[in-house]
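For reference, the structure discussed in these notes is given below.
In what follows, chains are A, B, ... by sequence order, proteins preceding strands, each numbered from 1.
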Amino acid sequence: MNWTRYFIPTTKEVPADAFVPSHQLMLRAGLIRQVGSGAYTYLPLGYRTLRKIEQIVRDEMNAAGAIELHMPAMHPIEWWEQTGRVAAMGDVLLRLQGRGEDWRSRTVLGPTHEEVITELARAYLVSYKQLPINLYQIQTKFRGEARPKSGVLRTREFLMKDAYSFHERVEGPGGLNETYQRMYDAYRAIFGRCGLPYVPVEAESGAIGGSVSHEFMVPTDAGEDILVRAADGSYAANLERAEVAPLPDAGDGRHEPLREVHTPGHGTIEEISRFLGCTPQKLIKTIIYEANGEPLVALVRGDHEVNEAKLARAAGVRGVTQASPELIRQVTGAEVGFAGPVGLQARIIADRVVTTMHDAVTGANKTDYHVTGVNPGRDFALTEVADIRLAMEGDRAPNGQPLRFEKCIEVGHVFKLGTKYSDAMSATYLDAQGQAHPLIMGCYGIGLNRIMAAAIEARHNDKGICWPVAIAPFHVVICALDVRDESVLATARRLHDELEAAGVEVLLDDRDARPGFKFNDADLIGFPLRINVGKRSLGDGVVELAVRKSGEVRKLPPAETVSAVTGLLKTLLEQERT
RNA sequence: CGGGGCGUGGCGCAGUCUGGAAGCGCGCCUGCUUUGGGAGCAGGAGGUCGCAGGUUCAAAUCCUGUCGCCCCGACCA
């Protein structure tokens with residue numbers, strides 16, 4: 001391919017709207033162009049990379065025994081009503097607008113495909129003899145994201161590989177656990193081939209439902225999630241999920257009597273600790289939530305934060321929301337800021353750390369008053385105790401290893417769904433005894449656009465992108481340094497043709513431009529290898545072969561170039577696998 | 001949805017406060033020179049200043065409304 005016949009709109013200047021490196025570089029390198037908020041055109045170079053990622057995903061899914069199909073983006077809303085997700089997804093679920101009961105009004109754009117695949121299963125997966133089976137697609141998803149951001153990292157339209165498996169059982173041969181593990185391993189292979197420094201972590205399953213899930217994270221500052229992992233790699237989890245080792249008993253109490261103190265207008269942890277001259281660690285933070293229409297009170301140490309996902313799990317509810325000021329006043333009989341567990345008539349779940357506190361300070365359930373000398377167990381019952389707080393700097397993993405915190409991008413997620421969707425949509429199969437049972441399901445997603453952005457985030461420098469060979473738009477760029485010089489152009493063209501014949505993806509930069517200009521574009525786009533053909537080196541009978549990632553440059557005769565390139569590409573491909 | 005910022009040639013920006021001929025840089029086109037890390041000179045094309053009302057002799061600039069985009073937060077299968 002000749003550069004002048006291709007379509008590569010690179011720019012020197014950094015677009016003002018782009019902040020994260022992958023977004024800036026994708027725009028500058030001419031990989032994407034924004035169409036609207038959260039919607040991007042993939043330009044030819046960017047689309048080549050996206051297709052390569054797609055092919056890697058497809059290869060590994062097929063190798064893992066999954067079967068490809070293709071579902072539509074338009075779904076009948078009835079199916080979403082059956083699973084209750086019209087309400088659960090809210091504005092994220094995009095709907096077509098029509099007049100009255102026009103078909104458009106009954107159509108949604110799929111943000112994911114559990115409903116469509118479950119309906120398919122209900123229709124066709126009727127016998128245990130057909131199980132297990134794992135079906136997948138690579139397809140465009142639509143989501144009404146409130147705030148798309150960071151280039152292609154969070155968009156309203158994106159390419160996803162979603163797979164759904166169906167089983168008779170969880171354990172044993174053909175069970176959900178077996179396929180889940182196969183998908184987990186396939187994901188390792190996929191992200192490995194893409195050269196991503198990925199970390200599999202325990203995750204919350206969120207509104208998709210199900211019990212167990214793992215996410216595949218790529219650490220980078222551009223990410224929105226927090227990865228919590230042990231220094232030695234023995235533990236890794238999403239912050240939403242991360243468990244912490246219990247803290248030792250502070251042992252600093254003398255079991256003072258309860259005393260009510262006047263704390264006018266001091267309702268926050270910071271104000272109270274300053275007013276009373278104590279550390280936030282001496283306070284018991286009392287937060288009122290609402291779950292299933294009932295108040296739910298969470299207690300954590302003053303310097304800790306409630307992890308709402310953990311709280312919901314400990315409470316055995318689907319989710320919790322912070323209580324309204326009215327509800328707080330109703331439960332505590334006081335203004336917001338003066339809640340405490342002593343004498344409180346509500347369901348209370350205490351964080352484990354609370355059981356180690358002595359002579360603590362809490363709200364008095366009376367406006368402008370707190371109580372000191374609070375001793376859990378003595379002054380209020382510890383009926384429910386659980387790990388309900390967010391992990392924080394200084395915490396240790398359950399196995400005792402110190403924890404580190406990093407921002408990261410989620411590139412894949414695997415779930416054990418169980419029978420959530422098959423129950424809701426009555427998708428059953430008949431066992432050998434002719435008994436009907438709901439299908440047991442798993443689902444497995446990968447964000448292809450995110451792989452592309454994450455790869456750039458993880459592999460770039462001040463000059464531009466450093467593509468891994470496996471997903472580079474072209475393997476090699478040949479820079480003809482003076483296209484008006486006949487021997488230069490002839491040599492460059494010959495090398496181009498020979499490389500192409502050898503199966504190498506090669507782009508010939510045949511623009512009539514100065515060398516520095518071409519080098520900068522080549523570095524910006526990040527071709528793994530660059531061949532320089534110029535008068536100067538050609539005079540010595542050689543061309544130069546430069547490696548983008550290392551900056552290493554070899555001089556070699558044109559006749560040896562093809563074998564050097566194919567050898568180098570093979571080596572890089574192996575080295576870059578993570 | 002709350003807070004903040006921004007809409008001016010393809011891209012990056014100035015001009016808006018204080019109304020009075022739409023500018024600069026990059027890129028693009030033509031010609032000549034130049035060719036190993038974003039070349040030089042000369043000439044040239046390209047913008048109803050997001051949109052709609054209003055005020056005014058006169059609006060990119062002031063007022064009202066509206067749409068869009070970005071950032072922070074909330075939310076996030």
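B/rC26 and B/rC71 have their C1' atoms separated by 26 Å, with the value rounded to a whole Å. Taking atom P in both B/rG7 and B/rU61, one finds a spacing of 12 Å when rounded to whole Å. Comparing the C1' positions of B/rA59 and B/rU64 gives a spacing of 15 Å, expressed to the nearest Å. Spacing of C1' atoms, B/rC24 relative to B/rU30, comes out at 23 Å, to the nearest Å. The separation of B/rG12 from B/rG47, taken at their C1' atoms, amounts to 15 Å, rounded to a whole angstrom. The separation of B/rA74 from B/rA14, taken at their P atoms, amounts to 31 Å, rounded to a whole angstrom. The C1' atoms of B/rC11 and B/rG53 are separated by 32 Å, rounded to the nearest whole Å. Nucleotides B/rU66 and B/rC1 are separated by 13 Å at their P atoms, to the nearest Å.
Across all strands shown, B/rG73 forms a Watson-Crick or G-U wobble pair, both distances under 3.5 Å, with B/rC1. Pairing partner, B/rC28: B/rG44, with both Watson-Crick or wobble hydrogen-bond distances short of 3.5 Å. Judged by Watson-Crick or G-U wobble contacts below 3.5 Å, the nucleotide B/rA21 has no partner. B/rA14 is unpaired under the criterion used here, namely a Watson-Crick or G-U wobble arrangement in which both key atom distances are under 3.5 Å. When both distances must be under 3.5 Å, the Watson-Crick or G-U wobble mate of B/rA39 is B/rU33. In this entry B/rC6 has B/rG68 as its Watson-Crick or G-U wobble partner, both defining distances falling under 3.5 Å. Across all strands shown, B/rA58 remains unpaired; no Watson-Crick or G-U wobble contact has both distances below 3.5 Å.
Salt-bridge annotation for A/Glu305 and A/Lys285: present, with a side-chain N of the basic residue lying under 4.0 Å from a carboxylate O of the acidic one. Classification of A/Asp510 and A/Arg5 as a salt-bridged pair fails, no side-chain N sitting under 4.0 Å from a carboxylate O. Salt bridge annotation for A/Glu114-A/Arg85: present, with a cationic side-chain nitrogen under 4.0 angstrom from a carboxylate oxygen.
Evaluation of atom-type donor-acceptor distances gives a pair under 3.5 Å for the side chain of A/Asp523 against the base of B/rG37. The base of B/rU34 sits with one of its N or O atoms less than 3.5 Å from a complementary donor or acceptor on the side chain of A/Arg484. Within 3.5 Å, no donor on the side chain of A/Arg530 pairs with an acceptor on the base of B/rG36, nor the reverse. The base of B/rG38 is paired with the side chain of A/Arg28 by a donor and an acceptor separated by under 3.5 Å.
Using modelled atom types, one side-chain atom of A/Arg450 and one backbone atom of A/Glu410 make a donor-acceptor pair closer than 3.5 Å.
No side-chain N or O of A/Asn134 forms a donor-acceptor pair with one of A/Thr179 less than 3.5 Å apart. No side-chain N or O of A/Thr321 forms a donor-acceptor pair with one of A/Glu290 less than 3.5 Å apart. Side-chain N/O atoms of A/Glu13 and A/Thr11 include no donor and acceptor closer than 3.5 Å. There is no side-chain donor-acceptor pair under 3.5 Å between A/Asn177 and A/Gln181. Of the N and O atoms on the side chains of A/Ser165 and A/Tyr444, at least one donor lies less than 3.5 Å from an acceptor on the other residue.
Of the candidates B/rC69, B/rG36, B/rC71, the closest approach to any side-chain atom of A/Lys149 belongs to B/rC71. Checked against B/rC70, B/rC75, B/rG38, the side chain of A/Leu524 finds its nearest nucleotide in B/rG38. The nucleotide whose nearest atom lies closest to any side-chain atom of A/Pro515 is, among B/rG38, B/rC69, B/rU35, B/rU35. Considering only the side chain of A/Arg514, B/rA39 comes nearest among B/rG38, B/rA39, B/rC69.
As judged by a 4.0 angstrom heavy-atom cut-off over every strand, A/Thr321 is placed among residues making no nucleic acid contact. Using a 4.0 Å heavy-atom criterion, one finds that A/Ala18 contacts no nucleic acid atom at all. No engagement by A/Tyr164 is indicated, since no non-hydrogen atom pair under 4.0 Å with the nucleic acid exists. At the heavy-atom level, A/Lys518 lies nowhere under 4.0 Å from the strands shown. Residue contacts shown for A/Asp485 are absent, as no nucleic acid heavy atom lies under 4.0 Å away. Among the heavy atoms of the strands, none lies under 4.0 Å from A/Glu224. Within the nucleic acid shown, A/Asp91 has no heavy atom closer than 4.0 Å to any nucleic acid atom.
Nucleotides of RNA chain B nearest to A/Arg156 and A/Ser537 differ in position, and the one nearer the 5' end is that of A/Ser537. Residue order along RNA chain B, read from the 5' end via each residue's closest nucleotide, puts A/Arg147 first among A/Glu240 and A/Arg147.
Across the protein-nucleic acid pair, A/Asn520 atom CG and B/rG36 atom P stand 14 Å apart, rounded to whole Å. Atoms NZ (A/Lys12) and P (B/rC28) sit 10 Å apart, rounded to a whole Å. Nucleotide B/rC72 holds its C1' atom 11 Å from the CZ atom of A/Phe19, rounded to whole Å. For A/Leu481 and B/rG37, the CG to P distance is 10 Å, given to the nearest whole Å. A/Leu27 has its CG atom 15 Å from the P atom of B/rC69, to the nearest Å. In this structure, A/Phe517 places its CZ atom 6 Å from C1' of B/rG38, rounding to the nearest Å. In this structure, A/Lys555 atom NZ and B/rG36 atom P are separated by 13 Å, rounded to whole Å. The separation between A/Arg511 atom CZ and B/rG38 atom P is 14 Å, rounded to whole Å.
Looking at heavy atoms from C-beta onward, A/Leu45 lies in side-chain contact with A/Tyr6 at the 4.5 angstrom threshold.
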Worksheet, complete the sentence: Letter by letter from the 5' end, nucleotides 4-14 of chain B scores (B base, S sugar-phosphate only, - none; protein heavy atoms under 4.0 Å) -------BSS-
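Under 4.0 angstrom from either OP1 or OP2 of B/rC70 there lies at least one side-chain N or O belonging to A/Gln34. Within the structure, every side-chain polar atom (N or O) of A/Arg536 is placed at least 4.0 Å from both OP1 and OP2 of B/rG36.
No option in A/Lys518, A/Lys555, A/Glu544 other than A/Glu544 meets the side chain to side chain donor-acceptor pair (under 3.5 Å) test with A/Asn532.
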